[in-house]
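Each remark here refers to the structure printed beneath this line.
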Amino acid sequence: METTLVVAAIVVAALVVKTAVAELREPGAGRVQWAFLRDARALAAGVCTAVLLGLVGWIQAGGEGVVWAALAGVLVAFAVGRGRRT
């Protein structure tokens, strides 16, 4: 379980560093990258993905499956909200 949490934390940290670098290059770019958090459609897609994968992950792998399901939900929300203005 510890390895799964470390890898998931590394992925999240990479996304935050990517946002920070984009913000340094162009002020306001970070806000645009994280705009999916205010997009209802993107959040709904992410939550549905996380719940469905979380159920399957819990059955197959226990807590590790839930961690990956949550990360997948965030990435799906990011992909669905990409390019949309709110």
Side-chain angles (χ1 to χ4, degrees):
M1 177 79 170
E2 295 85 19
T3 305
T4 299
L5 290 176
V6 170
V7 173
I10 289 171
V11 171
V12 170
L15 291 173
V16 171
V17 168
K18 179 181 175 279
T19 301
V21 169
E23 186 70 27
L24 287 173
R25 288 185 180 160
E26 180 183 343
R31 189 176 314 130
V32 171
Q33 286 185 355
W34 289 90
F36 73 93
L37 293 174
R38 294 184 306 266
D39 184 0
R41 182 174 155 232
L43 287 178
V47 167
C48 287
T49 300
V51 168
L52 292 175
L53 288 178
L55 290 173
V56 174
W58 182 259
I59 293 169
Q60 296 293 320
E64 293 178 357
V66 174
V67 171
W68 288 113
L71 185 60
V74 170
L75 294 176
V76 165
F78 179 76
V80 170
R82 192 80 175 142
R84 296 186 62 189
R85 299 285 181 198
T86 57

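Values below: every heavy atom of this structure, side chains too, minus hydrogens, waters and symmetry copies.
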Spell out, yes or no, whether Val12 and Val7 are grouped together once hydrophobic residues are joined by side-chain heavy atoms under 4.5 Å, including indirect joins.
yes

Leu37 and Leu43 have their tightest heavy-atom pair at O-CD1, 3.2 Å

Which pairs with one or both residues in residues 3-60 pass ring-ring contact (aromatic ring centres under 6.0 Å, His included), sequence neighbours excluded?
Trp34-Phe36, Phe36-Phe78

What pair of heavy atoms forms the shortest contact from Gln33 to Ala22, and how long is it?
NE2-CB, 3.5 Å

How far apart are the closest heavy atoms of Val80 and Ala42, and which atoms are they?
CG1-CA, 3.8 Å

For a quick test of reading the model, state the closest non-hydrogen atom pair linking Ala69 to Gly54 and the distance between them.
CB-N, 3.3 Å

Is there a continuous path of hydrophobic side-chain contacts, each under 4.5 Å between heavy atoms, that joins Trp68 to Leu15?
yes

Does Leu52 reach the side chain of Val56, with side-chain heavy atoms less than 4.5 Å apart?
no

I need the full list of ring-ring contact (aromatic ring centres under 6.0 Å, His included) pairs touching residues 7-26, with sequence neighbours left out, sorted by first then second residue.
none

